[in-house]
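Everything below concerns the one structure shown next.
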Number of protein chains: 2
Amino acid sequence: MSQQRSERPAGSDSRPARSAAGLSADGSPGHGLPERGAPASELPDLPEATVARLPEYLRALHVLADGGGDVVSSEELAQAAGVNSAKLRKDLSYLRSNGTRGVGYDVGQLIDKIEHVLGLNQHRAVALVGVGNLGQALAGYGGFGSRGFHIAALFDADPTRVGDRIAGLSVRHIDELAEVVATEHIAIAVIATPAHAAQAVADALVDCGVTSILNFAPCVLSVPENVDVRKVDLAIELQILSFHEHRKSTLTALPEAIS
Amino acid sequence: MSQQRSERPAGSDSRPARSAAGLSADGSPGHGLPERGAPASELPDLPEATVARLPEYLRALHVLADGGGDVVSSEELAQAAGVNSAKLRKDLSYLRSNGTRGVGYDVGQLIDKIEHVLGLNQHRAVALVGVGNLGQALAGYGGFGSRGFHIAALFDADPTRVGDRIAGLSVRHIDELAEVVATEHIAIAVIATPAHAAQAVADALVDCGVTSILNFAPCVLSVPENVDVRKVDLAIELQILSFHEHRKSTLTALPEAIS
DNA sequence: AGGCGCTCGTGAACGCGTGCACAAATCGTG
DNA sequence: CACGATTTGTGCACGCGTTCACGAGCGCCT
């Protein structure tokens, strides 16, 4: 979940306590015209697995849009995103699908809808903590802008690094965290520090009001319930591949062959 | 995994699709004495979700071992790995658990077993293609050695980069791929190129005999069935966090209202 | 207008993964 | 040796996620 999927520490269910409340009713029983002028209530209440796939659909849609396509069938889009078409349709159905039967989906409309659901309209500011090897690479990665984010600030604890300019930003000392997070309205942070420093950084981030963390440090972070953490560990990914590699090699040594 | 896994995997999830072949037969019905001197049959046929967690257990175990611990209870280890203790026990039970009831697990023994199952004993050689921003960071990351891998070769298509020395390795041109993969016995490769080059690189890797790929390029790779691919996409991880952030904010903002 | 082909939307079945709760096994102690 | 304190191993039930298969709507062509 999956990258590898990161597990939520305490509350297994990501859904907040508030009971199903009033988002069940559409509000408009007549359900006259679909979206368009309508403000459209938020929170279609998506399954986690669907949320994890929406970004992939979005990326594929952008490729299609750049190619000049204006409508896609579920089959096309599914192939471009590397998933099953039925799964794709079900995923899209969760967000009040605007597909047209017999035709397909309007690319532009679908892009808007997914970006809206993911909250990408506001081009979120992200803080990056740890300007080491990996941190510098992340800061220099230019692909974020087109995908709804921008690195708003860089932090490090090492005084010799403070003041360095990377990708047009100057590295600030971690003590300035609270101030910058507040002024830049940062809600998402990336931790790219060594493992031994990660928990302290996470604590500081949480204290500043950051509620989503992407953790590249190879360690488990302990955070309050309302904070989301996703973890990316390169070595773990390689080890998973190693397992499959190991299995393959011990398998080819056996009798039956491949198709 | 990846990924991707993403699966992926799931994690978010990028689980390698694999048809269930006939790997069921254990071969040793009597299985007299446990491990120890015995060569121990391979392939306990683990669930993917378990495989994705084993590396996390392994990391936690190494931390415990460095701390001097020689036995751990499932509860301790589970907490260190950030999972449920029942889940941990079930996971470990798949690999002929050597836990002792009333005591716990032998740390060293468990490390050996997991490393063996994951195929980490042979310190696998990994090729890294694309020595750009991210590629250089990955090449410079020193943490691989202690986790069962070493970067054996760096490749790039840009002639101006060929010959550069990064982390003690000199960058080779991608045309040398086949030769190096063969001599270094490389089965796992990392793609850190721009998206538009990734598919071509993947094809070249597959042609050389590489059967596991970790893909950092934001695109879907098409590979033969016997090749495992895990994907890591930083922007996707951020977008998933963005969704949760978006949900949180629209939830705290209005108890019952529409725009 | 009517029929036909295409594609979305979704009900239902299936399988995997998770977590509970308890029996089995082991160690330490009197 | 017997008993109690632990901790593993696992049967079982539940819920989520995936997939199939098909009905429902839409556009096009005659």
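Labels below follow one simple rule: chain letters A, B, ... track the order of the sequence lines, proteins then strands, and each chain is numbered from 1.
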Residue met sooner reading DNA chain C from 5', once A/Gly99 and B/Tyr94 are mapped to nucleotides: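 Nearest nucleotide further toward 5': that of A/Gly99.
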
Given DNA chain C, 5'-ward residue of the pair B/Ala86 and A/Leu92, judged by closest heavy atom: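 On the 5' side of the pair lies A/Leu92.
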
Rounded to whole angstroms, how far apart are [atom1] on [X] and [atom2] on [N]?
X	N	atom1	atom2	answer
A/Leu110	C/dC8	CG	P	11 Å
A/Lys87	D/dA21	NZ	P	17 Å
B/Leu46	C/dG17	CG	C1'	14 Å
A/Leu95	C/dT10	CG	P	12 Å
B/Glu75	D/dG9	CD	C1'	15 Å
B/Asp91	C/dG17	CG	C1'	10 Å
B/Glu48	D/dC16	CD	P	22 Å
A/Leu88	D/dT18	CG	C1'	13 Å

Sequence-distant partners of A/Gln79, side chain to side chain donor-acceptor pair (under 3.5 Å), two or more places apart: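 Side chain to side chain donor-acceptor pair (under 3.5 Å) list for A/Gln79, sorted by chain: empty.
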
C/dT10 OP1/OP2 closer than 4.0 Å to side-chain N/O of A/Lys90: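 For C/dT10, neither OP1 nor OP2 has a side-chain N or O of A/Lys90 closer than 4.0 Å.
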
Distance test, side-chain N/O of A/Asn84 to OP1/OP2 of D/dC20, below 4.0 Å: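 Answer yes for this pair, as a side-chain N or O of A/Asn84 is under 4.0 Å from OP1 or OP2.
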
Test: B/Arg247 and A/Asp45 ion pair at under 4.0 Å: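 The answer is no: the pair does not qualify as a salt bridge.
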
A/Glu56 and A/Arg59 ion-paired at < 4.0 Å: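 Yes, this pair counts.
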
Has [X] got a side-chain atom pairing as donor or acceptor with [Y]'s backbone, closer than 3.5 angstrom?
X	Y	answer
B/Lys248	A/Asn226	yes
B/Ser73	B/Glu76	yes
B/Glu115	B/Asp112	no
A/Ser242	B/Leu118	yes
B/Gln239	A/Leu120	no
B/Arg124	B/Gly119	yes

What's touching nucleotides 3-7 of chain C from the protein side, N or O pairs under 3.5 Å?
{"residue": "C/dT7", "atom": "O4'", "partner": "A/Gly102", "partner atom": "N", "Å": "3.1"}
{"residue": "C/dT7", "atom": "O2", "partner": "A/Gly102", "partner atom": "N", "Å": "3.3"}

Show me the protein contacts with nucleotides 28-30 of chain C, counting only N or O atoms at under 3.5 Å.
none

